[in-house]
Amino acid sequence: MKRSLNTFASFSSIVGLLLTSAIAVQAEGPRISGFIDTTFNYDLNKPGSRITAGRSFDRKTDSFLLNAVQINFDGSEKEGIGYYGELAFGTDASVYKSAGTGADAGLPGAPSTVAYNLEIQEAFVTYKCPLTGIQLKAGKFVTQHGIEVIESKDNFTITRGPIFGLFEPYTHVGAMAGYAFGMGDVWLGVVNGWDLHIDNNKGKSLVARVGLNPSDKSFGSFSMTHGAEKLNNTLDAR
């Protein structure tokens with residue numbers, strides 16, 4: 001058994017090394033971009049805690065905030081291989097910071113205090129098969145659920161709504177496969193769970209999305225997640 005585990009570990013290391021080498025050789029770049037986001041928030045209800053209930057990114061009231069200093073980088077695809085990453089620092093990162101690393105291992109959730117954090121929002125490799133058109137993505141990536149996004153400059157409203165902030169995952173760590181067809185696309189993948197760097201139980205979560213884009217001004221999608229998300233509990237799937 002020990003020998004089998006060692007053989008598997010060696011094989012995994014070789015595969016990882018080959019994949020890393022392929023990305024380094026085949027992908028050009030990186031192209032670098034970024035932005036700075038700062039706000040002043042004020043709650044007319046004047047809560048004594050200076051925290052607005054039911055909010056996420058704009059919870060702290062009566063304060064200037066450095067929401068995000070973000071740097072994005074990506075390598076142009078060559079032979080179908082590419083990579084993409086986003087590194088952010090600020091109070092926004094304290095909201096979507098993934099659990100499962102070091103002292104913050106466990107279930108993700110809204111922070112009890114508003115703090116500055118450094119977080120890898122996304123970091124993944126991609127591959128598009130030139131023969132089939134199937135796309136693969138592996139690493140950490142933002143969720144495909146909902147229509148709102150983490151970056152306030154790209155959102156419909158700068159504050160982001162309660163559903164996005166409190167009832168949807170922000171990011172996943174895992175792998176997905178997708179295929180675009182005419183006016184739509186379909187994605188299916190397996191991930192650790194909701195906002196988790198390291199899985200908190202022995203189960204994995206299934207994520208799926210079907211999107212329709214009939215024109216540049218209209219779009220729709222159906223997405224779902226199913227899996228065990230509780231700490232050390234693989235039986236209570238949701």
Side-chain angles (χ1 to χ4, degrees), residues 1 4-5 8-9 12 16 49 51-59 86 88 91-115 117-126 135-151 155 159-179 185-212 220-238:
M1 180 66 178
S4 298
L5 289 175
F8 175 75
S12 300
S49 63
I51 298 294
T52 302
R55 304 300 303 174
S56 52
F57 292 91
D58 54 348
R59 298 173 67 240
E86 295 181 355
T91 57
D92 281 3
S94 70
V95 179
Y96 64 79
K97 183 177 177 63
S98 297
T101 53
D104 63 0
L107 289 175
S112 57
T113 60
V114 177
N117 274 283
L118 180 67
E119 178 74 352
I120 298 175
Q121 185 183 139
E122 293 190 276
F124 58 86
V125 294
T126 60
Q135 304 175 63
L136 301 176
K137 176 167 64 175
K140 182 180 182 180
F141 41 83
V142 295
T143 186
Q144 293 193 332
H145 299 327
I147 59 175
E148 294 195 79
V149 296
I150 292 175
E151 291 83 359
N155 210 57
T159 57
R160 276 87 77 182
I163 293 179
F164 175 71
L166 302 176
F167 300 105
E168 293 178 7
Y170 295 114
T171 60
H172 303 289
V173 175
M176 296 192 73
Y179 182 75
D185 61 276
V186 59
W187 286 86
L188 183 66
V190 178
V191 300
N192 285 337
W194 286 43
D195 302 321
L196 293 173
H197 279 141
I198 307 299
D199 208 339
N200 59 2
N201 54 49
K202 296 181 180 180
K204 293 293 177 284
S205 295
L206 175 69
V207 291
R209 177 185 182 274
V210 176
L212 295 175
S221 68
F222 172 81
S223 59
M224 61 82 66
T225 296
H226 180 78
E229 303 295 345
K230 290 186 176 180
L231 181 64
N232 297 325
N233 186 344
T234 60
L235 301 178
D236 188 7
R238 61 179 179 178

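Here Lys140 pairs with Glu119 in a salt bridge; the nearest charged N to carboxylate O distance falls below 4.0 Å.
The closest donor-acceptor contact from the side chain of Asn155 to the backbone of Val149 lies under 3.5 Å. Checking side-chain atoms of Asn201 against main-chain N and O of Ala228 turns up a donor-acceptor pair under 3.5 Å. Not one N or O on the side chain of His172 forms a donor-acceptor pair closer than 3.5 Å with the backbone of Asp195. Of the possible polar contacts, none joining the Glu86 side chain to the Glu122 backbone as a donor-acceptor pair under 3.5 Å is found. The closest donor-acceptor contact from the side chain of Asp185 to the backbone of Tyr179 lies at 3.5 Å or more, if one exists at all.
Of the inter-residue distances, the one linking Asp58 atom CG with Thr91 atom OG1 reads 10.0 Å to the nearest 0.5 angstrom. Going from atom CG of Leu188 over to atom CG of Leu206 covers 5.5 Å, rounded to the nearest 0.5 Å. Rounding to the nearest 0.5 angstrom, the gap separating the CG atom in Asp199 from the OG1 atom in Thr234 is 10.0 Å. With rounding to the nearest 0.5 Å, the separation of CZ in Arg209 from CE in Met224 is 14.5 Å. Summarising the geometry, atom OG1 belonging to Thr225 is positioned 9.5 Å from atom CD belonging to Gln144; distances are rounded to the nearest 0.5 Å. Leu235 CG to Lys202 NZ: the interatomic distance, rounded to the nearest 0.5 Å, is 10.5 Å.
Using modelled atom types and a 3.5 Å distance limit, the side chains of Tyr96 and Gln121 yield a donor-acceptor pair.
For the pair His226 and Ser205, the minimum side-chain heavy-atom distance is 4.5 Å or more.
Counting all heavy atoms, side chain and backbone alike, Gly146 lies closest to Ser223 at N-OG, 4.3 Å. When all heavy atoms are compared, the tightest approach of Leu166 to Arg55 is CD2-O, 4.3 Å. The shortest heavy-atom contact between Asn192 and His197 is ND2-O, 3.0 Å.
The ring pair (Phe, Tyr, Trp, His ring centres under 6.0 Å) search around Tyr170 returns Phe57, Phe164, not counting sequence neighbours. Legend: residues meeting ring pair (Phe, Tyr, Trp, His ring centres under 6.0 Å) with Phe141, ordered by chain and number and at least two apart, are absent.
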Practice problem: May I have the step-by-step check of side-chain contact (heavy atoms from CB on, under 4.5 Å) for Met176 and Phe124, ending in yes or no? | Solution: CA-CA 11 Å; Met176 296 192 73; Phe124 58 86; over 6 Å; no

Quiz item: Are Arg160 and Val95 close enough, and set up right, to give a side-chain contact (heavy atoms from CB on, under 4.5 Å), and what steps lead you there?
Solution: CA-CA 12 Å; Arg160 276 87 77 182; Val95 179; over 6 Å; no

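Taking a 6.0 Å sphere around CD1 of Ile163, one finds it holds 12 or fewer heavy atoms contributed by other residues, nucleotides or ligands. Surrounding CG of Leu136 are more than 12 heavy atoms belonging to other residues, nucleotides or ligands, all under 6.0 Å away.
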